[in-house]
Each structure stands twice: as C-alpha cells, then as structure tokens.
Amino acid sequence: MRADTGAYPPTLQRSHGRTRVRLGDRNGRPQLLSAFQEGSAKLRFPLSAPDGVEALLLNTSGGLAGGDTFATTSVAERHTLLVSTLACERVYKSDDAFAMVRQEMAVHDGAELLHWPQPTILFQESRLHRRTTIDAHGTGTFTLCEGMVLGRAAMGEAVRQTTVNDRISVTVDGTLAFVDALRLSAGVLERVRTAAGLGDARAFGIVIHKPREGVDGSAGVERARDAVAGLADVRAGATTVNGLILARVLARDHTALQDALGRLVVALSTRSLPRAWSL
C-alpha cells in the first residue's frame, strides 16, 4: 500500500515463454522428433539444409522485464541443429525482480548443436538472471555463442547500472569441463572501465566450441584468431580449456560485436550464419 494515497500498487502483467526442440533421424535424414512452444516463446523453422534443421526463437512480448521467465530446451540426437533468434533480445528496466532465462542444451554422439542467438541488449537498470547448460556426449560437437550489449549506441543510451547474473556450464561425458560465471552491477561496471577490463567497450561476448573428434584444438584456436585479426573496434582472444576452444570478444558497439561473433562461429564450425543475422 502506498503511504501517500493508501492504494495498492497495480499488479503488472508478466510474460512467460517456453520451447523445446529435439532433432533425430528418419531414414538417414534429419527429423524433428518434438517441437513445443508455449506462452510468449515461439518457434519458426526456415528452409533447412539436407543435413540439419534451423530453429528460430521469437519472444512475442517484445523483450524481457522484471518477473518475466523464458526457458528453452534444445537437443540434437542426430544431424545438425542450429538454434538462433530472429532479433536481439532486450532486457528492460526493472525496479526489483529479475528477468529469468533458462537455456538447456544437449548434443548426442555423432550430432552437432549450434547455439547462435543474436546478442542480448541490456537497458539502464535492467536485471537479468540467466543459466545456460550444455551436455555433450561422445563425438557430439557444438558451437555456442552469447553476446551482451550495454545499451543502444545509436539511441544515445548509456548503461551505468545493470544487475546481471549469468552462468554457462559445459559438461562433456558427465564431467564438468567449463564454467563461465559473470556478475555485473553498478559498482562492477565502474571498476572494470580500465585497460585490463572492459575499457571503453560497450559490448562483449563469448564463443565455446567442442571440436570434432580427431580435430586439432590448436588449429581451431589459430582459425579463431585469424577470423577476428585486424577487425576495427574489437579486442579478442582464443585458447583451449579441457579440450574446448574458448574465444572472448570486447567490442565498441553492437555491430562490431555481432560481426566478430559471426566470424568466430563460422570459422570454428565451418557452417554458414543463419539469414536472420543479416536482416
């Protein structure tokens, strides 16, 4: 109840979305074994290649606000499953509650999973809690990328305060292989504006790649470095961690970040970017 008016604050509408996609095989060709959508989360399937299926995620609520929930499950049992987004997700200002996102992925022996969403745009005073897990088995391979942008430069936005709890964990054959945990707050953003931190970058991202069996990881690292070498307004590096290839990117703006992420995932996976990335 508000002290000045004696009235209760209005109950704000929240959006909730959930999807599940599972790709298998039928007579040697890729076959969707299940495709489920609920609430504000929608799935679309563009014309796909003979060796795989592309799934596009849409959030029809127009973005994420405090109290919203969004959950996706992507499983590649055979062939190649590419999961991307029609546009960048936006996380809007929230007075208290977090926008909650859960992304669960699995890739089975001999299959390939490509998790390539377009970057997430964080607005001033946004609050995001996101958990991403990927479970790889046997010779299954994957390429995962995630990017974040601190406001829209073209709109003159400056994000000085945001609260982000973002965790990516990778398990290979039942063993935890890599964890990336990111926490942002107003104080953190101030402290990392140094040459050893974000510097003047407004966008940052990560790419994680599990190579095919028998592929030399050091060669993949060199391909990743070559892919972003000489790019203006980008700082990037690549290395190997427990058999995975890991690349990080700092960029001046959204455009530079998405260009760098696109080059990295193509170089590592040898696959083409989805058309939605160029729209």
Side-chain angles (χ1 to χ4, degrees), residues 9-21 35-46 54-74 82-105 114-132 144-168 182 184-186 189 202-205 251 253-259 261-262 273-279:
T11 300
L12 300 177
Q13 184 179 11
R14 301 303 182 193
S15 68
H16 306 281
R18 190 160 53 108
T19 67
R20 290 195 302 269
V21 178
F36 170 85
Q37 61 182 25
E38 181 179 65
S40 65
K42 306 300 181 187
L43 284 168
R44 296 296 182 266
F45 297 95
E54 178 183 338
L56 278 178
L57 295 171
L58 295 81
N59 181 2
T60 56
S61 69
L64 295 169
D68 291 354
T69 63
F70 203 86
T72 63
T73 301
S74 309
L82 166 61
V83 180
S84 186
T85 55
L86 187 61
C88 294
E89 185 62 278
R90 293 164 172 79
V91 185
Y92 297 113
K93 175 182 176 180
S94 173
D95 293 331
D96 49 12
F98 282 84
M100 307 292 291
V101 177
R102 179 75 179 177
Q103 302 177 128
E104 297 179 339
M105 289 163 270
L114 309 174
H115 175 76
W116 296 353
Q118 298 186 60
T120 298
I121 301 175
L122 302 171
F123 282 62
Q124 172 72 355
E125 297 184 32
S126 56
R127 297 171 69 87
L128 173 65
H129 181 97
R130 185 170 66 184
R131 292 292 181 267
T132 302
L144 174 151
C145 78
E146 288 286 359
M148 289 190 178
V149 182
L150 298 171
R152 299 170 298 179
M155 303 298 291
E157 296 168 354
V159 175
R160 296 175 300 277
Q161 182 172 336
T162 181
T163 305
V164 175
N165 296 323
D166 187 33
R167 178 185 172 94
I168 301 172
L182 170 70
L184 291 179
S185 64
L189 281 176
R202 295 176 57 103
F204 50 91
D253 55 26
H254 176 187
T255 301
L257 173 67
Q258 190 153 343
D259 179 35
L261 291 177
L273 286 173
R275 288 187 62 192
W277 275 54
S278 61
L279 298 179

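Nothing fancy with the numbering, it's 1 onward along the sequence. Side chains included, hydrogens not; waters and symmetry mates left out as well; all remaining heavy atoms used.
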**OP:** Let me see the working for Leu144 and Met105 under side-chain contact (heavy atoms from CB on, under 4.5 Å), right down to the final yes or no.
**Re:** CA-CA 10 Å; Leu144 174 151; Met105 289 163 270; 3.8 Å; yes
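- Between Glu89 and Val101 there is no side-chain heavy-atom pair separated by less than 4.5 Å.
- Within the structure, the salt bridge (Lys or Arg N to Asp or Glu O under 4.0 Å) test picks out the following pairs touching residues 90-103 (sequence neighbours left out): Lys93-Glu125, Arg102-Glu104.
- Side-chain contact between Met148 and Val164 is present, with heavy atoms from C-beta onward closer than 4.5 Å.
- Nearest heavy-atom pair across Gly66 and Ser94 is CA-OG, 3.4 Å.
- In this structure, Thr60 contributes its side chain and Ser40 its backbone to a donor-acceptor pair below 3.5 Å.
- Within the 4.5 Å cutoff, no side-chain heavy atoms of Leu128 are placed close to those of Asp166.
- Using a 4.5 Å heavy-atom threshold, the side chains of Leu82 and Pro274 count as touching.
- Remark: Tyr92 engages Phe123 in a ring-ring contact (aromatic ring centres under 6.0 Å, His included) (not counting sequence neighbours).
- Between the side chains of Thr162 and Ser126, a donor-acceptor pair is found at a separation under 3.5 Å.
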Original post:
Between Arg202 and Asp253, does a salt bridge (charged side-chain N to carboxylate O under 4.0 Å, His left out) hold up when you go through it step by step?
Top reply: CA-CA 5 Å; Arg202 295 176 57 103; Asp253 55 26; over 6 Å; no
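- Side-chain contact check for Leu57 versus Thr19: some heavy-atom pair is nearer than 4.5 Å.
- Looking only at atom types and distance, the side chain of Glu38 has no donor-acceptor partner in the side chain of His16 under 3.5 Å away.
- The two residues Ser61 and Ser15 come nearest to each other via the heavy atoms OG-OG, 3.4 Å.
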**OP:** Determine, stepwise, if the pair Val149 / Leu257 fulfils side-chain contact (heavy atoms from CB on, under 4.5 Å).
**Re:** CA-CA 8 Å; Val149 182; Leu257 173 67; 4.1 Å; yes
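- A donor-acceptor pair is defined here as one N or O able to donate and one able to accept, closer than 3.5 Å; no such pair exists between the side chain of Glu146 and the backbone of Pro117.
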**OP:** Determine, step by step, whether Thr120 and Arg130 satisfy the side-chain contact (heavy atoms from CB on, under 4.5 Å) criterion, reporting the C-alpha distance in whole Å, the side-chain angles of both residues, the deciding distance to 0.1 Å, and the verdict.
**Re:** CA-CA 11 Å; Thr120 298; Arg130 185 170 66 184; 3.4 Å; yes
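- Residues Gln118 and Ala276 approach most closely at NE2-O, 3.4 Å, considering heavy atoms.
- Separating the CD atom in Glu54 from the CZ atom in Arg44 is a distance of 13.5 Å, to the nearest 0.5 Å.
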